[in-house]
> 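Questions regarding the structure given below will be posed in turn.
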Amino acid sequence: MEYNIALVKGDGIGPEIVGNAVRVLEEIGRQYGHTFNFKSYLAGGCAIDACGTPLPQETIDGCLASDSVILGAVGGPKWDGLSGDLRPEKALLKLRSVLGLYTNLRPARLYQALREACPLKESTAEKGFDLLMVRELTGGIYFGERGYREGKFGPEAYDTEAYSELEIRRIARVAFEAAKKRGSKVTSIDKANVLDTSRLWRKIVHEVGMDYPTVECTDMLVDNAAMQLIRDPSQFDVVVTTNMFGDILSDEASQITGSIGLLPSASLGDGTRGMYEPIHGSAPDIAGTGKANPIATILSAAMMLRYSFDLQAEANKIETAVDAVLNAGWRTADIVGDSGVTPLTCDQMTDKIIEEMRK
Ligand code: IPM
Ligand code: MG
């Protein structure tokens with residue numbers, strides 16, 4: 001088959017990690033007879049520098065015309081002083097919104113080979129964990145009404161959280177469908193003891209849950225969830241939550257896997273086109289040094305094969321190769337820990353994964 005993929009490499013380590021994901025996809029193409037046509041588009045800080053805007057229309061059109069999008073990361077200190085609408089991050093939010101990608105899937109599991117990199121207590125790490133965070137991606141406080149005004153104590157800024165029943169219902173459905181194919185358990189995370197949006201969230205999630213009698217559904221307050229993720233992450237299967245809570249908790253989930261450099265994500269809407277990106281940022285401090293871990297982006301490419309193109313064997317091939325390389329003891333700088341192993345560079349780690357795929 002032939003697929004057109006838009007590459008939005010972005011800033012910092014974005015170009016290195018996306019370049020390596022492309023190498024892995026080319027290997028898949030060779031082995032399984034697929035053609036991947038790649039076309040690069042600017043977004044983020046590099047687009048601000050080149051075109052004066054974080055998300056040029058050409059990038060929007062290119063992504064809309066593609067079968068799928070792979071994104072590196074955007075942002076960096078160079079653009080930190082810009083106002084909200086001109087910041088590199090705006091590109092990401094707008095892309096998610098114009099592509100209608102309301103679902104963000106962020107799987108986090110503990111690789112047994114990386115147990116020593118896991119900051120959890122040995123007795124907790126021993127149990128392992130394998131959870132899927134389903135984050136709502138185009139609603140909530142990230143997209144609500146905002147501004148500056150004169151308040152009780154003088155000038156103030158405000159952002160508002162709003163969720164419609166429709167937005168909650170469609171993300172809840174994604175979570176229950178996913179749970180049916182996994183451990184049949186959904187934990188819905190909210191702040192229903194304080195927020196009206198959370199009370200509506202809870203009500204609608206329960207309503208959707210009625211259609212899934214075989215899936216167990218539990219509610220958890222977000223502050224408790226932050227604690228439970230560290231106390232015993234093995235209790236979670238599918239977690240569904242709002243845009244902001246999902247943003248925060250997915251970074252926490254990544255840390256307990258050992259490194260944020262390992263976690264992929266898939267952003268999906270109603271069609272098959274998705275946007276696939278590592279959950280980490282642009283890490284400007286290590287850009288160009290070869291220290292970036294390409295695994296999160298390579299696993300994001302595997303998610304693209306699985307979710308957008310329904311190429312299950314091809315996705316498995318990549319995921320199995322990553323497992324094998326980690327089991328064989330190969331490490332990038334972020335996951336060497338105290339192992340004394342000489343870390344591989346971003347390109348070398350990809351070489352190892354490709355070598356493994358050829359076996
Ligand atoms: C993420 C990032 C983004 C988000 C930022 C860069 C806008 O943190 O994908 O988790 O908050 O969604
Ligand atoms: Mg984040």
Side-chain angles (χ1 to χ4, degrees), residues 8-14 17-18 21 42-48 53-55 59 63 69-108 131-144 146 159 161 163 167 171 189 222 225-226 229 239-257 259-269 274-285 287 292-293 296-297 299-301 303-304 334:
V8 182
K9 297 177 190 162
D11 309 312
I13 59 172
I17 52 176
V18 172
L42 294 176
C46 58
I48 296 173
T53 165
L55 188 64
T59 302
C63 290
V69 183
I70 295 182
L71 187 133
V74 296
K78 184 174 172 194
W79 307 281
D80 271 351
L82 297 172
S83 73
D85 258 15
L86 290 173
R87 286 182 64 99
E89 290 79 1
K90 186 73 193 180
L92 195 50
L93 299 176
K94 203 163 158 196
L95 257 183
R96 290 170 178 169
S97 179
V98 295
L99 296 173
L101 307 174
Y102 59 83
T103 297
N104 188 216
L105 303 178
R106 297 189 161 186
L131 63 90
L132 176 68
M133 198 158 295
V134 179
R135 169 188 177 194
E136 198 290 326
L137 202 61
T138 52
I141 197 163
Y142 284 40
F143 292 91
R146 69 190 55 202
D159 299 275
E161 168 104 341
Y163 266 114
E167 288 171 301
I171 195 72
I189 294 176
V222 63
L229 260 177
V239 170
V240 62
T241 192
T242 63
N243 203 343
M244 183 159 74
F245 294 161
D247 182 29
I248 298 167
L249 293 176
S250 59
D251 270 29
E252 186 184 353
S254 79
Q255 266 316 287
I256 56 173
T257 66
S259 171
I260 197 168
L262 298 170
L263 261 67
S265 84
S267 302
L268 301 163
M275 186 157 81
Y276 298 84
E277 50 175 315
I279 81 152
H280 60 71
S282 59
D285 51 323
N293 185 345
T297 318
L299 291 175
S300 301
M303 288 186 91
M304 175 183 79
D334 53 317

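In each ligand, atom 1 is the first atom listed, and ligand 1 is the first ligand listed.
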> To check you understand the geometry: which heavy-atom pair defines the closest contact between Glu161 and Thr242, and what is its length?
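Looks like OE2-CG2, 4.0 Å.
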> Among all residues two or more places apart in sequence or in another chain, which pass the side chain to side chain contact (heavy atoms under 4.5 Å, CB included) test with Ala73?
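Applying side chain to side chain contact (heavy atoms under 4.5 Å, CB included) to Ala73 gives Ser282.
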> Identify, with sequence neighbours excluded, every residue that meets side chain to side chain donor-acceptor pair (under 3.5 Å) alongside Ser259.
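If we apply the side chain to side chain donor-acceptor pair (under 3.5 Å) test to Ser259, skipping adjacent residues, the hits are Asp334.
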> Compare every heavy atom of Asp11 with every heavy atom of Gly45, then report the nearest pair and how far apart it is.
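Closest approach of Gly45 to Asp11, heavy atoms only: N-OD2, 2.7 Å.
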> For a 4.5 angstrom cut-off between non-hydrogen side-chain atoms, does Leu92 reach Arg96?
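A side-chain contact under 4.5 Å exists here.
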> Contact residues of ligand 1 with a heavy-atom cut-off of under 4.0 Å?
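Within 4.0 Å of ligand 1, the protein residues are Glu89, Leu92, Arg96, Arg106, Arg135, Tyr142, Asp247.
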> Closest heavy-atom contact between Leu95 and Cys63?
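Here Leu95 and Cys63 meet closest at CD2-SG, 4.0 Å.
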> For the residue pair Gly44 and Ala91, what are the closest heavy atoms and their distance?
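That would be N-CB, 3.7 Å.
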> Check for a donor-acceptor pair, side chain of Glu136 on one end and backbone N or O of Thr138 on the other, with a separation under 3.5 Å.
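Between the backbone of Thr138 and the side chain of Glu136 there is a qualifying donor-acceptor contact (under 3.5 Å).
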> Do any protein N, O or S atoms sit under 2.8 Å from the Mg ion (ligand 2), and which ones are they?
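N, O, S partners closer than 2.8 Å: Asp247 OD1.
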> Looking at Asn104, is its backbone amide N or carbonyl O close enough to the side chain of Ser267 to form a donor-acceptor pair, meaning the two atoms are under 3.5 Å apart?
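Checking the backbone N and O of Asn104 against the side chain of Ser267, no donor-acceptor pair under 3.5 Å is found.
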